[in-house]
Trainee: 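Below are the structure tokens for one structure; questions will follow.
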There are 2 protein chains.
Amino acid sequence: MTAKTVLIVDDEAAIREMIAVALEMADYRVLEADNAQAAHALIVDEQPDLLLLDWMMPGTNGIELARRLKHEEATSELPIILLTAKSEEDNKILGLEAGADDYITKPFSPRELVARLRAVLRRTTPRGIEEAVEVEGLLLDPASHRVSSNGQALEIGPTEYRLLQFFMTHQERVYTRGQLLDQVWGGNVYVEERTVDVHIRRLRKALGEPHQHLIQTVRGTGYRFSTQL
Amino acid sequence: MTAKTVLIVDDEAAIREMIAVALEMADYRVLEADNAQAAHALIVDEQPDLLLLDWMMPGTNGIELARRLKHEEATSELPIILLTAKSEEDNKILGLEAGADDYITKPFSPRELVARLRAVLRRTTPRGIEEAVEVEGLLLDPASHRVSSNGQALEIGPTEYRLLQFFMTHQERVYTRGQLLDQVWGGNVYVEERTVDVHIRRLRKALGEPHQHLIQTVRGTGYRFSTQL
DNA sequence: GTATACATGACAATCTTGTGACAGGCACTT
DNA sequence: AAGTGCCTGTCACAAGATTGTCATGTATAC
């Protein structure tokens, strides 16, 4: 299992440090940010798997950031756990409305934190990230990082693998080249949109005749993974 | 698609010009300012979609302006790309802290600039809410960008798709050819009104026998989408 | 019956996408 | 260090699909 990346956003370095240590002990990869802007930049660049967000921060506060992230296509799926010093019900409601997936009130024990974090990841991690996905004999198994067609292993490059993984976990939906770049290549890369075409072609080629039709061109828009013709 | 507006703030006219040309080639609308005050005025007046901001400027410098914009409610969402001659890490950090969304060091190629600008705009543009519409077994699903008749996918071109989408979200109402051109083709295109007829025909053909009757001709006026005969 | 409005098929221009080739970057070996 | 193999991103050109128009056929209203 590849280590999950968690981004901690809190303005107090001491708290970040405390959490970071706890998470690293639990084998997570940890990123830190002390304000909303830096956090946003890191999210775009590093695509963390989960966000630990302090509710009260100078400048753009936690709720604000959460709301913004849920609003943007590329980050709307990112699970968020809010941290707060106050245990008021109000905050909880506001937080959940803003799109937080869970909520922890300070003070909390590292054990508790890790436990809830694990729980959130478990229920928000879509199939295909850890579990295998299978469609019409085409099997993608994240554990072994392999793709096979009716049991026969396929030769597939890293980018094509990520592209296929994204598609198989987001079926029946069109994505523009731009969205694919965001989701598969990662936020801050600067790559020609047409490059997507080339990788689509490589992916199709790798899938071979029997599964070609799953990767569909939507003229004037982008591409789609679909079992329907 | 309406062209996005980009405001360039730099004290050197030559650089502004260079950038402006590159952006105009890429179909952006360009505004220019040579100092922070003018920039602020333009931002308020014109509400650009993105700001290209030079880091070093006489008077209020770039960082200062960025920080100020992020602080004000009305402009806090405005994406900012910082331009700088120095490639020091320090600046990058300061810049991102001030709220910049990306960062480009001079010298840069117009290509790179446009690419990164596109990337920033892509991820800051909120996604639209898209819901499927269904009428008498005819289903149009914006998420998958697909039209199906009783579960059977239909072949449909881009323009016909937009036309159908417009009709299905504006049922039981007549539209003149002119109105359809405005709504479906977009405001400022010059196209013969008769062209609408042709696309109506193509749409009817694509829908096939079972749904032909939904697209109705209103003699002397235009067309209508209606479930009633 | 005749004028008007709409439907239809054909077509060339234009856009979009598919494809093969290529050069640079990187990791690993020799 | 140089060599090798693999992966990537980009380009140029080919292939294909879409688009707007026109000429002509057909329905409709008066």
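For clarity, every value in this text was computed on a predicted model and none was experimentally measured. Each chain gets a letter, A, B and so on, in the order the sequences are listed, and its residues count up from 1.
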Trainee: Does A:Thr176 use its side chain to pair, donor to acceptor, with the backbone of A:Gln179 at less than 3.5 Å?
Mentor: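 It does hold such a pair.
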Trainee: Just how far, in rounded Å, is C1' of D:dT21 from NE2 of B:His199?
Mentor: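 Rounding to the nearest Å, NE2 of B:His199 and C1' of D:dT21 are 10 Å apart.
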Trainee: What's the closest nucleotide to the side chain of B:Val198 if the choices are C:dT8, D:dG9, D:dA27?
Mentor: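 Looking only at heavy atoms from C-beta outward on B:Val198, the closest nucleotide is C:dT8.
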Trainee: For B:Thr217 and C:dA7, is the shortest distance between a side-chain N/O and OP1 or OP2 below 4.0 Å?
Mentor: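 Yes, B:Thr217 has a side-chain N/O under 4.0 Å of OP1/OP2 on C:dA7.
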Trainee: Can you see if the side chain of B:Trp185 gets near the phosphate of D:dT19 - specifically, an N or O under 4.0 Å from OP1 or OP2?
Mentor: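 So the side chain of B:Trp185 is outside the cut-off, no N or O lying under 4.0 Å from OP1 or OP2 of D:dT19.
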Trainee: Between atom OH in B:Tyr223 and atom P in C:dA5, what is the gap in whole Å?
Mentor: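 Taking atom P of C:dA5 as the reference, OH of B:Tyr223 is at 13 Å.
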Trainee: If you check the B:Pro158 side chain, which of D:dG16, C:dC22, D:dT19 turns out closest?
Mentor: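 Selected nucleotide: D:dT19.
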Trainee: Output the rounded distance in Å from CD1 (A:Ile215) to C1' (C:dT19).
Mentor: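 It works out to 17 Å between those atoms.
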Trainee: Does A:Val218 or A:Lys205 map to a spot on DNA chain C nearer the 5' end, using the closest nucleotide for each?
Mentor: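 Closer to the 5' end of DNA chain C: A:Val218.
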Trainee: Specify whether A:His199 and A:Trp185 have parallel, tilted or perpendicular ring planes, treating 30° as the upper limit for parallel and 60° as the lower limit for perpendicular.
Mentor: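 Aromatic pair A:His199/A:Trp185 classed perpendicular.
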Trainee: Rounded to the nearest Å, what distance is computed from the CD1 atom of residue B:Ile200 to the P atom of nucleotide C:dC6?
Mentor: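 Whole-Å distance recorded here is 11 Å.
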Trainee: Does OP1 or OP2 of D:dT19 have a side-chain N or O of B:Thr195 closer than 4.0 Å?
Mentor: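 No, B:Thr195 has no side-chain N/O under 4.0 Å of OP1/OP2 on D:dT19.
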Trainee: Give the rounded distance in Å between these two atoms: CD of A:Glu155 and P of D:dG5.
Mentor: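 After rounding, the gap between these two atoms is 15 Å.
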Trainee: Considering only side-chain heavy atoms of B:Arg202, which listed nucleotide, C:dT17, D:dG9, D:dG20, is closest?
Mentor: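 Closest nucleotide to the B:Arg202 side chain: D:dG20.
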Trainee: From the list D:dA29, C:dA7, C:dT17, which nucleotide is the closest neighbour of the side chain of B:Arg219?
Mentor: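 Comparing D:dA29, C:dA7, C:dT17 against the side chain of B:Arg219, the answer is D:dA29.
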Trainee: Could you please name the option among D:dT8, C:dG20, C:dG9 that lies closest to any side-chain atom of A:Arg201?
Mentor: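 The nucleotide sitting nearest to the side chain is C:dG20.
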Trainee: Using OP1 and OP2 only, check whether a side-chain N or O of A:Arg194 sits under 4.0 Å from C:dT17.
Mentor: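 Looking at the OP1 and OP2 atoms of C:dT17, neither is under 4.0 Å from any side-chain N or O of A:Arg194.
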Trainee: Quick one: do B:Arg146 and A:Glu172 make a salt bridge, cutoff under 4.0 Å?
Mentor: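 Looking at A:Glu172 together with B:Arg146, the answer is yes, because their closest N to O distance falls below 4.0 Å.
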Trainee: Can you tell me how far P of D:dT21 sits from CZ of B:Arg177, to the nearest Å?
Mentor: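 Atom-to-atom, B:Arg177 to D:dT21, this comes out as 14 Å.
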Trainee: What nucleotide, of D:dT19, C:dG18, C:dA5, holds the atom closest to the side chain of A:Arg204?
Mentor: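 Among the listed nucleotides, the one closest to the side chain of A:Arg204 is C:dG18.
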Trainee: Among the candidates C:dT16, C:dC6, D:dC22, find the nucleotide nearest to the side-chain atoms of B:Glu192.
Mentor: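 That would be D:dC22.
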Trainee: In whole Å, what is the span from the CD atom of A:Glu193 to the P atom of C:dC15?
Mentor: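 Rounded to whole Å, this separation is 18 Å.
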Trainee: I want to check a possible cation-pi pair here: A:Arg173 against A:Tyr175, using under 6.0 Å from ring centre and within 45° of the ring axis as the test.
Mentor: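 Yes, a cation-pi geometry.
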Trainee: Testing B:Val6, B:Ile81, B:Ile43, B:Leu82 one by one against B:Leu51 for a side chain to side chain contact (heavy atoms under 4.5 Å, CB included), which residue passes?
Mentor: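 Exactly one candidate clears the test, B:Ile43.
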Trainee: Please confirm whether the shortest side-chain N or O distance from A:Tyr190 to OP1 or OP2 of D:dT10 is below 4.0 Å.
Mentor: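 For A:Tyr190, the contact criterion (side-chain N or O under 4.0 Å from OP1 or OP2 of D:dT10) is not met.
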Trainee: Is it true that a side-chain atom of A:Arg224 and a backbone atom of A:Gln216 form a donor plus acceptor pair closer than 3.5 Å?
Mentor: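 No; zero donor-acceptor contacts below 3.5 Å.
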Trainee: Just how far, in rounded Å, is P of C:dG20 from CG of A:Asp197?
Mentor: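 Rounding to the nearest Å, CG of A:Asp197 and P of C:dG20 are 14 Å apart.
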